[in-house]
Each structure stands twice: as C-alpha cells, then as structure tokens.
There are 2 protein chains.
Amino acid sequence: MVATKKLDQRGRPRSFDMEEAVHKAVRLFHRRGYDAVGVAELGTELGIKPPSFYAAFGSKAGLFERAVEHYSTSDANVFGRAQASGGTVSEVIERMLLVAAEVYPEHDGVAGCLVLDGARNSADPEAKAIIASYKKASRTALRDFIASRYPTKAETLADLVVIALEGMSGSARDGASAAALKSFAEAIGRAFLREAKQG
Amino acid sequence: MVATKKLDQRGRPRSFDMEEAVHKAVRLFHRRGYDAVGVAELGTELGIKPPSFYAAFGSKAGLFERAVEHYSTSDANVFGRAQASGGTVSEVIERMLLVAAEVYPEHDGVAGCLVLDGARNSADPEAKAIIASYKKASRTALRDFIASRYPTKAETLADLVVIALEGMSGSARDGASAAALKSFAEAIGRAFLREAKQG
DNA sequence: TCACATATATAGCGATCACTACATAAATGC
DNA sequence: GCATTTATGTAGTGATCGCTATATATGTGA
C-alpha cells in the first residue's frame with residue numbers, strides 16, 4: 001500500500017483563486033467585523049456567486065475561519081513577529097507592543113486586530129467560537145512564553161499584556177493615532193518590566 | 001406673554017413605563033451590542049408593540065441614544081463615581097481603574113462598558129455616531145481633569161487611561177475575571193503615577 | 001356630549017439575511 | 001464518443017430586518 005496518491009484534478013476547474021479570495025475576505029471581515037459583512041457583498045467583492053461560494057467554503061463561518069487562520073499566520077501576528085527577532089522575554093514583549101502600535105492603526109481602511117475584534121458583538125455562535133479558540137491559543141502561547149522567564153507571575157503578566165493589546169486594538173478601531181498607541185505601548189513595556197522584577 | 005405653560009396631558013396615556021423600558025433596553029444593548037438586538041426582541045422584552053415603540057422613541061437608534069444617556073448618567077460611569085469621592089488626580093484615576101475592575105466583569109449576563117463596546121462593529125451610522133459623541137465627551141472630560149494637575153502630559157496620560165479602560169471593557173466581555181482586571185488596574189495605576197511624575 | 005389629542009393593536013411593507021434547487025458548463029478517465 | 005466529476009449561473013427559498021398604514025381605544029378640554 002505504497003500507492004502513489006494521484007490527486008486527480010477531475011471536473012470543471014475553479015474560475016477564481018482561493019487564496020486571493022480568502023485574502024479579500026480577511027480585509028472585509030477585518031474592516032467591519034463578521035456580522036456586518038454579508039454573503040452577498042462577499043460574493044460580489046470576491047467574484048464568486050452563491051453556489052460556488054458554498055461549494056468552496058461551506059458557509060460564511062467557514063470562510064471566516066479560513067480568513068482568521070490566514071490572518072493569524074501572517075505578519076499581522078504581532079507575537080510571532082516579535083518572537084522572530086529573539087531576545088529576552090521582556091524584550092520580546094516590549095517589541096510586540098511596539099509592533100502592535102505600528103500595525104493596529106488604520107491602514108487602507110483596516111484597523112486593530114481581526115482576532116481580538118473581528119467577532120465582537122457578533123450574534124453568530126460559530127464566529128464567536130472560532131475567535132474564542134484563536135484567542136485562547138494565543139493567550140496560552142503568550143503565558144507559556146512569559147512563564148519561561150517569570151514562572152510565578154506568568155498569569156498576571158500575561159493579563160497585563162493581553163488586556164493592553166485588547167485596548168490598543170479597540171482604540172485603533174476607534175481611530176487612535178499611531179503616536180498615541182506608541183506612547184501607550186512604551187508605558188506598558190515599562191510597566192511589564194516593573195511588575196516582572198518587583199512586587 | 002407670560003402665559004403659564006400648562007403641560008396638557010391630553011390623549012390616551014401610555015400603557016408602559018418609559019424609564020423602565022429604557023432601563024431594560026440598556027441591559028439588552030449592553031449585553032449583546034446594538035446590531036444584535038432587534039426591534040422585535042425589544043418590543044417583546046419591553047412589552048411595547050411596534051407603533052407604540054416608534055411613537056415613543058422614533059427609531060431603534062432613538063431608543064439606543066436614550067439608553068446610552070441613561071447609562072452614562074448612572075453608577076456605570078466609572079469616572080463620575082471615582083471623582084465623587086474626591087482626592088488628588090492620581091488618586092481619582094487609580095480609583096476609577098479599580099471601580100472599572102469591579103464593574104466591568106460579568107454581572108447578570110452583562111459585562112464591559114456600554115459606551116466603549118455597545119456599538120462595536122455596528123453597521124448603523126446613527127449608533128456609531130451616538131457612541132462616538134459620548135466617547136469624545138468622556139475623553140475630553142478625563143483629559144481636562146488630568147490637565148488640572150499634569151498640564152504638559154495630559155494627552156499622553158489620558159491615552160494611557162482610556163486605552164487601558166478599552167482593554168478592560170473588551171477583556172471583560174471576553175470573560176476576564178474580576179481578579180485579572182483588578183491586578184491590571186493596579187498595574188496601570190502604578191504606571192500612571194510613574195509616567196506622570198517621571199520622564 | 002363631543003371634538004380633539006394621543007396611544008394602542010392588527011397586519012404587513014420592501015429590503016436584506018444566509019443559503020439552495022436545478023440545470024448547465026467544463027474538465028478527466030476509459 | 002461517452003460516462004463521471006466538479007464548478008458554474010439563474011433564480012429563488014423562508015426568515016428576519018427596521019419600520020409603517022390603518023383603524024380603534026382611551027384619555028382631556030369645552
């Protein structure tokens with residue numbers, strides 16, 4: 001049973017590019033949130049009509065899940081970006097906050113973090129579950145990273161950072177400037193050091 | 001023309017209590033956000049049928065405006081509550097953060113701040129405008145209060161507090177515990193003192 | 001008593017929601 | 001050629017959205 005798996009490409013081929021469609025969906029969901037983006041608009045913006053849309057993604061929530069997954073494995077993942085440059089735990093945290101201060105303000109009509117704010121006030125249980133899953137995973141990764149250096153204060157320090165990022169994302173979506181977010185990020189970075197080393 | 005204005009109570013009287021209806025609307029909008037609460041649900045929960053609803057409030061956004069106004073003049077206004085007890089600027093700020101840490105976690109299914117999060121991701125321009133107006137007024141009041149003691153750093157310090165409160169409200173809506181919000185509030189209180197007196 | 005003013009209940013408006021039934025088009029394997 | 005497989009376009013599903021037209025009920029002032 002070492003049969004070579006022929007991925008048979010039978011049937012009519014897709015008339016649109018999946019990756020490009022998901023990328024456009026990321027921008028729409030990120031800009032306005034899950035509920036405010038309708039399937040009709042997604043269809044016209046992505047150039048996909050309803051039957052093809054549902055054949056490809058299953059549902060609106062299915063596309064949202066793909067969009068969130070695409071988003072959180074991109075440069076928008078501020079924790080991943082900050083970790084990539086190495087350094088101490090506090091250096092990475094400070095860098096993450098500064099990266100967020102650069103990324104979160106409005107760019108091309110999009111502001112804040114899709115994971116933190118993309119399903120806020122949503123009435124859809126699926127969308128909320130998808131976001132809750134990603135938030136929990138992110139928080140766990142961040143807490144474990146902090147615990148590698150500050151094991152007894154990891155929870156409190158993780159709360160400090162996560163709540164701060166929530167505030168930065170929400171404020172950015174309300175129009176906060178890059179300068180305001182930067183000074184906030186710097187203050188939280190100093191607070192992190194202070195809370196980590198004292199008390 | 002000093003005619004005594006007789007507020008004539010002519011016509012059929014209301015069959016519901018306006019204040020009680022607004023209070024119920026506050027809870028619904030606060031719990032789920034503006035868009036996720038429909039007029040049909042408001043009607044059944046408030047015991048008001050459509051024509052009476054529109055005669056009394058004009059529109060869904062009209063009721064929302066009344067709800068936000070009622071909310072922000074209640075005990076939910078953490079800045080007002082913190083100011084009421086007096087003290088120095090930094091004492092009031094620290095107290096406000098601690099009050100928010102008590103008020104924002106879920107109580108009776110409601111979490112966070114209606115003003116900060118009630119119209120998040122809303123597709124309705126009216127609701128967004130109402131919230132934007134209240135946010136701007138709150139921020140201005142907070143900044144002016146801080147400026148009375150720290151005039152050169154008022155903007156930066158106001159950003160610190162406002163973005164922190166945004167984070168606390170958003171996190172509370174995601175299920176953050178009172179303990180987590182309290183430790184965050186304490187850390188931000190220390191950060192406020194530090195940023196105000198140094199640098 | 002009766003006009004007037006206001007609020008009510010019944011019923012339904014057009015628009016939009018996420019989603020689908022159905023027939024057809026376009027590729028492959030034999 | 002021809003069956004099979006997959007994707008497509010046309011058209012429309014029932015449900016819900018915020019809101020309203022119309023007639024009736026219930027109060028006041030004269």
Side-chain angles (χ1 to χ4, degrees), chain A residues 3-22 25 28-29 32-67 119 121-130, chain B residues 3-22 25 28-29 32-67 119 121-130:
Chain A
T4 314
K5 185 72 177 300
K6 277 173 81 176
L7 65 141
D8 40 9
Q9 182 72 19
R10 310 217 308 205
R12 180 172 174 171
R14 285 224 158 74
S15 66
F16 62 92
D17 184 67
M18 285 283 276
E19 196 164 353
E20 185 187 338
V22 171
L28 285 168
F29 284 132
R32 306 216 306 278
Y34 181 80
D35 289 23
V37 182
V39 172
E41 180 180 8
L42 285 166
T44 58
E45 289 292 319
L46 276 52
I48 309 174
K49 296 188 175 169
S52 301
F53 180 94
Y54 286 93
F57 305 113
S59 66
K60 180 185 171 186
L63 172 58
F64 184 64
E65 183 158 28
R66 288 228 196 182
N121 289 335
S122 173
D124 187 310
E126 279 192 77
K128 290 196 286 188
I130 290 163
Chain B
T4 312
K5 185 74 177 298
K6 277 173 80 177
L7 67 141
D8 40 9
Q9 183 72 20
R10 308 216 308 203
R12 181 172 173 172
R14 286 226 157 72
S15 66
F16 62 94
D17 184 66
M18 285 283 276
E19 195 165 356
E20 185 186 339
V22 171
L28 286 168
F29 285 131
R32 306 215 306 278
Y34 181 78
D35 290 23
V37 181
V39 172
E41 181 180 9
L42 286 166
T44 59
E45 290 292 320
L46 276 54
I48 310 175
K49 294 187 176 170
S52 301
F53 179 94
Y54 286 93
F57 306 113
S59 66
K60 180 184 170 185
L63 173 58
F64 184 64
E65 183 159 29
R66 289 230 194 179
N121 289 334
S122 173
D124 188 311
E126 280 192 76
K128 290 197 286 189
I130 291 162

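In what follows, chains carry the letters A, B, and so on, assigned in the order in which the sequence lines appear, proteins first and then strands, with residues in each chain numbered from 1.
Between B:Phe29 and B:Lys60, some side-chain heavy-atom pair lies under the 4.5 Å cut-off. Counting heavy atoms from C-beta on, the side chains of B:Phe16 and B:Leu46 never come closer than 4.5 Å. Under the 4.5 Å side-chain criterion, counting only non-hydrogen atoms from C-beta, A:Arg66 is in contact with A:Met18.
End-to-end axis angle of the helix from C:dT1-D:dA30 to C:dC30-D:dG1, from C1' rotation axes over five pairs per end: 0° (rounded to 10 degrees).
In this model, the phosphate group of D:dT8 is approached by a side-chain N or O of A:Ser15 to a distance below 4.0 Å at OP1 or OP2. A close approach under 4.0 Å does occur between a side-chain nitrogen or oxygen of B:Arg14 and OP1 or OP2 of C:dA7.
A:Arg10 has its CZ atom 12 Å from the P atom of D:dA7, to the nearest Å. Atom CZ of A:Arg12 and atom C1' of D:dT5 are 13 Å apart (whole Å).
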Just distance, no hydrogens or angles: give the donor-acceptor pairs under 3.5 Å from side chains in residues 35-43 of chain B, sequence neighbours left out.
unit_1  : atom_1 : unit_2   : atom_2 : d
B:Asp35 : OD1    : B:Ser122 : OG     : 2.6
B:Asp35 : OD2    : B:Ala123 : N      : 2.7
B:Glu41 : OE1    : B:Arg32  : NH2    : 2.4
B:Glu41 : OE2    : B:Arg32  : NH1    : 3.1
B:Glu41 : OE2    : B:Arg32  : NH2    : 3.2

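Between B:Asp17 atom CG and B:Ile48 atom CD1 the span is 9.5 Å, to the nearest 0.5 Å.
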Could you check A:Asp124 against A:Tyr34 for side chain to side chain contact (heavy atoms under 4.5 Å, CB included), going step by step and ending with a plain yes or no?
CA-CA 9 Å; A:Asp124 187 310; A:Tyr34 181 80; 3.4 Å; yes
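Of all heavy-atom pairs spanning A:Arg14 and A:Ala55, the tightest one is NH2-O, 4.3 Å. B:Phe57 and B:Ala21 make their closest contact through CZ-CB, 4.3 Å (heavy atoms, listed as atom of the first residue, atom of the second, distance).
If you check every strand for non-hydrogen atoms under 4.0 Å, B:Phe16 touches sugar and phosphate atoms only.
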Polar-atom pairs under 3.5 Å, protein N or O versus N or O of nucleotides 16-21 of chain C: list them with distances, or write none.
unit_1 : atom_1 : unit_2  : atom_2 : d
C:dA18 : OP1    : A:Lys60 : NZ     : 2.8
C:dA18 : OP2    : A:Val39 : N      : 2.8
C:dC19 : OP2    : A:Tyr54 : OH     : 3.1
C:dC19 : OP2    : A:Lys60 : N      : 3.1
C:dC19 : O5'    : A:Tyr54 : OH     : 3.4

